[in-house]
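What follows is a set of notes on a single structure, which appears directly below.
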Amino acid sequence: MATLSKQKIGSVLAKQGILIAFAVFIVAFTLANNKFLTVDNVFSVVPASAKQGVMALGVTFVVISGNLDLSVGSMMSFSTIVVLDLHDKIGPFLAIPAMFAMTLCLGAFIGILVGYLRLNSLIVTLGMLSAIHGLTLTYSGGQNMDIADKEGTWFSVFGQGTALGIPVPILIFALLAAVLGLMLSRTPFGRKVYAVGGNGTAATFSGIRRARTVFMCYILSAFCVATAGLIQASRSLGSQNTVGQGLELEVLAAVILGGASLMGGSGTIFKTVIGVLILGFIQNGLLLLGLQFYVQYVVTWVIIILAVWLDIAAKRGRLWSPIA
Amino acid sequence: MTDTKPILRLDGIVKTFPGVRALDGVSFAVMPGEVHALMGENGAGKSTLMKVLGGIHQPDGGAIYMGDEQVVMSGPLEAKAKGIVFIHQELSLAEELTVAENIYLGELPRKSFGRVDWKTLAEKTNAILKKLRVGFDALTRVGDLSIANQQMVEIARALTVDAKAVIFDEPTASLTDAEKVVLFDVISDLKADGVGIIYISHRMEEIFKITDRISVLRDGQYQGTVATPETDEERVTQMMIGRKLDLTRNALHHELGDVALEVRGLSCGKLYTDISFEVRRGEVVGFYGLVGAGRTEIAETLFGLRDPSAGQILLDGEEVRLNSPVDAIARGISLVPEDRKGQGLVLGMNCRDNMTLPQVDDLTAGPFVAEGAEVAIFDQYRDQLDIRTPGWRARVGNLSGGNQQKIVIGKWLSMHPSLLIVDEPTRGIDVGSKSEIHKLLRGLAAKGYAVMVISSEMPEVLHVSDRIVAMYSGRIMRTFTSDEVTEDSLIQAISGLGGDGKAA
Amino acid sequence: MQPGALSKALKNGAIWGFIVLELIFFSVAGEFMSLSDTAFMDWENMLLLLKQSAPIGIIAMGMTIVMVNGNIDLSVGATFAIAAIILLDSMTWPFMAAMGDWAIPFAWLFALIVGTLLGALNGLLVWKTGVDAFIVTLGSMLGYRGIVFMFNGENPTSHLNWTLVDFAEAEFLGIATASWFLLAATGAMWFLMTKTVHGRNAYAIGDNREAAVNAGIRVGPHMMINFAIIGFLAALSAVVFYSESGSVNPNDGQLYELWVITAVVLGGTKITGGAGSVIGTFGGVIAIQLLRKGLGHIGADTSTVNLVIGLILIAVLFLDRQLNVKGKEALKV
Amino acid sequence: GEHGGTMRIGITQNNVGVDSYQTTYEQAFIAAAEENENVETVVLDAGGDVARQIAQMEDLIQQDVDAIIIWPTNGEAVIPAVRKAAQADIPVIVTNSNIAEQGFDFVASFSGPDNITQGARSAEIMCDKFKEEGIEGEARVVQISGQPGYTTAIERAKGFEDRLPEVCPDVTLVETQPGDWNREKSQQVMEAFLVKYDDIDGVYAGDDNMGVGALNAAKAAGRDGIIFVGATNFAVGYEAMAAGDYWGSIYQSPVDDAEAALQTAIDILNGEEVPFLNYFDTPKITQDNMDEFSKPVF
Ligand SMILES: Nc1ncnc2c1ncn2[C@@H]1O[C@H](COP(=O)(O)OP(=O)(O)OP(=O)(O)O)[C@@H](O)[C@H]1O
Ligand SMILES: Nc1ncnc2c1ncn2[C@@H]1O[C@H](COP(=O)(O)OP(=O)(O)OP(=O)(O)O)[C@@H](O)[C@H]1O
Ligand SMILES: [Mg+2]
Ligand SMILES: [Mg+2]
């Protein structure tokens, strides 16, 4: 009996380790700074994290399918610049679908390269990181993009609006997380994503269209990036070409923190959301404590490694790796 | 030999995995110069026991003795240093490296500055390869070898050191008769040198041919040890599974229906040429041949995984083009592939999800997967195939090899195919389950299914087939009916001798 | 064997073919588009190319063994910066300053030791925790960068020592110091990877780690050594480069990991490990530097450079895939 | 002119894609060069990487251009490369942000804004406004600085931090965090500041791009009455000023910057005398005097 309950605790820890870590951070920061756990702060952290969060949702699909997407930051810059530019040219009603269409085209391009042509995703998306940046610069002529009439547009609602007293970016993030979470865990498509990431050959032998599944993951990722770009553009109504630079690693860190394996085949949307929140709260908590931004780097380092380590340690039932 | 002391003794070994008590106080001893069989159903704990011995798993209880001395196998290196060589059930090779580097993996001969002594390495390796009478040399890339040849490389590792004990964990699972002969020679040489050999296999005829004693495990518990000459298959089987089995040849024929599959002049590059045969409903057609004969490639072509370079495939008399497994599945074809880990299973996924993978699109309630229906399917085939798992949530990767194979079979049976192709369906499966699967295949035929069985085990082919297609080097040599076939004529046909080169 | 020989040769030579293509293209395009009177394929220019390849190239040699090993190191850029800071800062320490120019070898030594230790720390974490190298080094990419900033806040660390500069700018047999270091690092890693037991084990581990473990190879310490090697080479790269430039910004070396990985992959190393060669990597490094240089030579603007470099990377990968297609009868998985 | 025939001038810029100031600079530079038929240019961009910039210096020396203009990625690291150019008798003009003093011997001239003065002027603008509102005795200020490690960021921060206590000794600078020249990052930093400090009277941002990011955060949080002062007046800053949300900045035109650099190079090649520190003027701009300036084009 005793061993059974011990095992149970162990498996609960293994499954919910990331949640426990999250709780510990919240308590620690709250003790350190009484502003931390206030509605004001939470409502300012989450919208700021919302765009990383939304991107992380898409990247979760890509990672589970056994691939990487390092182009999301650069792609988000693209969609932000495009939607801002088109806003003044063709109006927000048309600008938003046009931007989504263009971003999805980029996603489709990557999806074809990685899914159908089976090129390595790390390198393809690395190349796209650079190429899309070039595309953005060409599109904007290197200039910042700003909406002319900032007060008079309803476009700001996606980034700055509130509904039911909750900031709209939070709502978008929550809604998307719920929909994509269900899609991943409950639908046939989600199952196929896990299968393709877990063992692509076996998935093919089971009649799953592997290329199409991977392609769809990149489409989803691009959709999330476009949504993030929309939030971003609407939040500041103006942007520079590098607005998304470096976000790819932040997003990837959140997904990994959530426990998705880079080998593919594992991870969940729920855990990614927790990963996003942890990174967002660390960033915000350290800022509130008045620590230098580079302390945050070191803390993030320690937390990422500890979180992933404890996660796998719980899974294998021992702290140290068995590798000789 | 019984008067000497055991070279190796395991005493009361206990090993648990989360949710499984894989070994429960197992004791076991090997004498020098003895071939000691370890038998048991799939999941009985044989591989686990050997992994404890080989230092790969640490036991939760019990002790290991070598001679009189108690030892702790802290890792594979330690075990190797103590003279224990482990030939794994699952191939454990680095494909990009050469044969020589693989055989001497972890103990490459050195020169000054940590350099590899290539000359010594090649010489030693070629000497071993010569003993094994294989057709490749030390510098061949392992990835270019067939599975069987890779298995021979694995076996070659037993000959690199002065071993005290050698563990063979199902070495013959992917070998054909020709290589088996070589393996048995190797074993008798080792035996003559006074090495203790532990031999794990599900193939009774081998056990009775080469072993001296047999120890049996059931559900992680030690059932006892018997001297081979003093026992027989029936008694061993009873120890293993607690009941008797029917091991006869197929004599029964079902009413044959229409032609379900017809293949005309099918070729695929150099893999196979001019293949023609037909399979009727209610018929089991066995494909027998040596490794590399091209049987798997035919199956893969029929499943839409290869594009034929010539010829036609007709299903129910209608010519079809199969571009992908999706097409093949839509036409009612199922393929149980040869390589269960690489092609059959997503090891990180649970049992249920693996089993329902090909039909997940159809098992829906609204936009979602109908999980209840899935569990029902899993339960049905778990019972039918006697799959031993803690539950449908268990990761397939944690099941024993044989139970994994049953999941794959269940997966394809649950598709209710009109043409079922099974490639090495009982590789690594224990006698009990094997006969269940054979019964199942016969039963499916009786229900009007068309079944193709590819196997490298003659008894299996003889047992289940209504007709047998013998292949050699990408060609069909001869087709036998089960009444006319004899073991000799079959062996001649698959060796390229004797057959008239024409499908009968 | 015979039918595959041509495509195999093509594949192994692919990166060199690409380099030749680049040379031809930039020479021809340069004639029309460049303002420079000197030809692109000038001998001096090629020597310069070799020198300019050194910072990325030296690190890429270490990345080759780490990637063949089945790991990856994303923290090299930060290690590079830390080593540079140690090099330059240590020369201002009182006891070092008292030694005059004799401080130089010590400064080099300190920087190399620190780089090696940082690499070894990554390796130790990978070994002991069992966390994937991508994640460990993604973390230390941030962490090490944080440490860089802790040294001197956001300010650059500088110490311009003209003896050092002169040494770094010196040429021997017409080849610059940095080039010699690149060639030496390439030679040493080539020897290590093709001739030694350690090198062959690196391939074995990258190819099939479980098999290596089963064969009794001590995988953990082995990987740690390789991480120490890449740490050492990142530091060596910094030492060579900053001897000449004398000042390091805290964000120097950012994105180096991406360039290095790109070079290694262009050079034919398998991302999943088990295959790759130092010579191929050398080709990859040259190809990238040539591309950057050539685009500058023909006057491409920033957006074009980004676009072209990104697309070329993908195109090379695509070509490589085309050269590797097995026959028509191959299994479609 | 003394120099016969066409002048071939090479330029290696810091990091062009990163913001519209640098882009506009590049465009203005190319336009100015095209207008002058005696000038041909080789325009290179270091992408913020010192190693690449040094390589580009070497390339320009190897191509034997007549003069080199450099926008340093690091004011000290490029000195040996500049020395090499000097040894090859190629005059080097430093643009926008200067190199360290040790390198002055190898440089023909510096052309660009005086960032320290800019920081000091921003402090003055802010202090004057505090005095106007009568809160110079207790005002609390936060600073959002530029990309860590860049000379311009460091110098502006230094100029501001040194000057503020001189003009407004009782004003406290409560915290500084970098905004990386990035509007969004700055907005995030400001959001945290707003939660953390109930009383913020002034925000100094290293450029208007970041300043507007901070302004957005304040607006979203409904915090009025904060005085925003920036530097490098961007179009967004100008508009925010016109709307009355943003108090002041420093007017610095990349077109002036580029043209000054090119002209300095031409003058040197023509053998004319040029001052060693060739600052172009960067005046204060506030809501009060903004009519005197045209809206920035970037
Ligand atoms: N790493 C593991 N984690 C969890 N359970 C395991 C692990 N390895 C083995 N088991 C379980 O231990 C039991 C014994 O497995 P083992 O592989 O020893 O069987 P076996 O006798 O070799 O069977 P087979 O004949 O099918 O190879 C099985 O129930 C298996 O699921
Ligand atoms: N002489 C040979 N030496 C090495 N490899 C070979 C040889 N002949 C064929 N092969 C390769 O071995 C693999 C196995 O062949 P194949 O799968 O066709 O055999 P099979 O008839 O299905 O037998 P089995 O299923 O028993 O392995 C094929 O990929 C083939 O390319
Ligand atoms: Mg087993
Ligand atoms: Mg086969």
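Just so it is clear: chains get the letters A, B, ... in the order the sequence lines come, proteins before strands, and each one is counted from 1. None of the values given here were measured: they were computed from a predicted structure. For the numbers below, each heavy atom of this structure counts, side chains included, while hydrogens, waters and symmetry mates do not.
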Heavy-atom distance under 4.5 Å between the side chains of C:F191 and B:R115, does that happen here?
-> yes

Check: C:A215 main-chain N/O paired with B:K80 side-chain donor or acceptor under 3.5 Å | yes

Taken to the nearest 0.5 Å, the spacing of C:N214 CG from B:L105 CG works out to 9.5 Å

C:E210 atom CD, neighbour heavy-atom count above 12 within 6.0 Å | no

Heavy atoms of other groups near B:K82 NZ, more than 12 under 6.0 Å | yes

Which atom pair, heavy atoms only, marks the closest approach of C:V213 to B:P76?
-> O-CG, 3.3 Å

Most contact-rich option vs chain C, by heavy-atom pairs under 4.5 angstrom, among B:F86, B:F113, B:W118, is B:W118

CZ on B:R110 to OG1 on C:T196, rounded to 0.5 Å | 8.5 Å

Output the option from C:A211, C:G274, C:A204 having the highest count of non-hydrogen pairs under 4.5 Å with chain B.
-> C:A211

Which residue out of B:G106, B:A81, B:G55 racks up the most heavy-atom pairs below 4.5 Å with chain C?
-> B:G106

Side-chain touch B:V116/C:K195, heavy atoms, less than 4.5 angstrom | no

Checking heavy atoms, do the side chain of B:E96, its backbone, both or neither come under 4.5 Å from chain C?
-> both

Side chain, backbone, both or neither: which part of B:E107 has a non-hydrogen atom closer than 4.5 Å to chain C?
-> neither

Pairwise side-chain contact, B:Y104 with C:R200, heavy-atom cut-off 4.5 Å (strictly under) | no

If we only count heavy atoms from C-beta on, is the B:L108 to C:N201 side-chain gap below 4.5 Å?
-> yes

So which part of B:E101 gets closer than 4.5 Å to some heavy atom of chain C, the side chain, the backbone, both or neither?
-> side chain

Heavy-atom contact with chain C under 4.5 Å, split by part of B:I56 | side chain

